[in-house]
Amino acid sequence: MEYKGYEIEETKNAIIIRKVKDFNPVHTFECGQCFRWKREKDGSYTGVVRGRAVNVEFHGDKEEAGALVIKNGSIDDFINIWYDYFDLGRDYGAIKQSLMKDNIMREAVKFGYGIRLLKQDIWETLISFILSANNRIPMIMRAVEKLSEAYGEEIKLDGVSYYSFPSVDKLAASNCEELDVCKGGFRCKYILSTSQMIRDGDVRLERLETMSRDKARNELMRLPGVGPKVADCVLLYSGTKYDVFPTDVWVKRVMEELYFKREASFKEIWNFADENFGDMAGFAQQYLFYYARENKIGAKENSLG
DNA sequence: TTGCAGGGGTCAA
DNA sequence: TTGACCCCTGCA
């Protein structure tokens with residue numbers, strides 16, 4: 001069948017989506033936006049999204065449209081979940097064109113040509129990025145997995161058990177000691193208080209979309225464990241706001257090294273992003289961050305005095 | 001082998 | 001503006 005420009009074929013246990021452009025699973029799953037997609041030995045990725053465990057692979061050459069294969073996916077799920085989740089309604093070719101205004105962005109976009117911003121569940125993104133504070137990716141992935149194992153629902157795929165991300169109520173009803181099965185350490189108290197504030201309606205995640213960017217950001221920052229960096233990540237990776245520019249130490253060092261040629265404050269960097277990338281600041285950040293991290297640009301040895 | 005710094009930030013003083 | 005923070009890894 002055909003759906004919004006894509007050709008979809010349903011097989012026994014998978015769906016094949018053809019004519020998918022601007023996608024590379026390595027770029028998309030390893031650009032730092034998500035923590036629940038695991039690379040398998042055969043190069044495919046297995047992940048848990050909205051209570052479903054699926055395996056994804058992509059067949060296609062660089063720059064060309066290719067076929068996205070979702071094992072354990074159905075056409076209904078494609079229409080209700082995957083089309084949106086993989087942001088397949090957006091023209092990334094046009095975004096990349098408009099971002100490639102200078103040599104730095106040209107390099108970054110060329111390098112991460114297959115990045116797509118996933119529209120992830122905002123609640124899961126919130127907790128995941130609270131866990132990311134002063135932490136490393138493998139540990140964040142493990143923590144999210146442990147939380148899901150302890151508080152989520154079991155899902156079987158090919159005889160292997162996976163676990164959905166826990167509900168607000170489940171985490172809010174827990175306590176710091178039990179939450180520490182994820183080894184989140186000092187972050188566990190933030191997770192507990194944040195969960196309770198969300199449960200009690202102190203902060204309403206579903207309302208953020210209708211607010212201005214800055215208001216949504218400030219609203220998120222009322223939650224314990226959420227500062228500017230985490231707030232921007234939550235807004236961007238849930239597809240709530242795209243004109244944010246999450247700035248962590250890597251992005252900061254990259255911006256200083258490549259653009260400013262000197263030390264710069266967070267405010268300066270955000271202003272620069274507003275002026276130069278505008279509505280597309282979030283996409284720009286993602287290409288830059290992936291490019292910098294994979295090429296060790298902004299690594300400490302190279303940093304400015 | 002043991003020890004120590006430091007990590008995709010946030011909070012509190 | 002600055003240090004502490006849980007846990008873990010990498011590197012002397």
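The sequence lines fix the lettering, A, B, ..., with proteins before strands; numbering per chain opens at 1. Every value quoted in this text rests on a predicted model; they were computed, and no experiment measured them.
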Which nucleotide in the set [options] lies at the smallest distance from any side-chain heavy atom of [X]?
X	options	value
A:Phe186	B:dG9, B:dG8, C:dC7	B:dG9
A:Asn134	C:dC7, B:dG8, B:dG9	B:dG9
A:Arg136	B:dG8, B:dG9, C:dC7	B:dG8
A:Phe129	B:dG9, C:dT9, B:dG8	B:dG8

Got a sec, which residues hit ring-ring contact (aromatic ring centres under 6.0 Å, His included) with [X], two or more places apart in sequence or on another chain?
X	value
A:Tyr237	A:Phe129
A:Phe29	A:Trp37, A:Tyr45
A:Tyr113	A:His27
A:Tyr291	A:Phe111

side-chain contact (heavy atoms from CB on, under 4.5 Å) evaluation trace for A:Ser238 with A:Lys119
CA-CA 5 Å; A:Ser238 63; A:Lys119 280 190 192 161; over 6 Å; no
Mind checking [X] for me? I need base, sugar-phosphate or nothing, with any heavy atom below 4.0 Å counting as a touch.
X	value
A:Val251	nothing
A:Leu223	sugar-phosphate
A:Ile140	nothing
A:Gly32	base
A:Pro228	sugar-phosphate
A:Pro138	nothing

Of residues 187-195 of chain A, the positions that come close to DNA chain C - non-hydrogen atoms, cut-off under 4.0 Å:
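Heavy-atom contacts with DNA chain C come from A:Arg187, A:Lys189.
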Paired stems touching DNA chain C, three or more consecutive Watson-Crick or G-U pairs with both distances under 3.5 Å?
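Looking at DNA chain C, the stems formed by three or more consecutive pairs are B:2-7 with C:7-12, B:9-13 with C:1-5.
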Identify the two heavy atoms, one from A:Asn276 and one from A:Lys101, that lie closest to each other, and give their separation to 0.1 Å.
O-NZ, 3.1 Å
Is any side-chain N of the basic residue among A:Arg217 and A:Asp214 closer than 4.0 Å to the acidic one's carboxylate O?
no
Is the closest basic N to carboxylate O distance between A:Arg18 and A:Glu9 below 4.0 Å?
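Result for this pair is yes, salt bridge flagged.
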How many whole angstroms separate atom NZ of A:Lys146 from atom P of C:dC8?
10 Å
Determine the Euclidean distance between corresponding P atoms of B:dG8 and C:dG10; express it in Å to zero decimal places.
13 Å
Decide if the gap between the ring center of A:Tyr151 and the ring center of A:Tyr163 is smaller than 6.0 angstrom.
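No.
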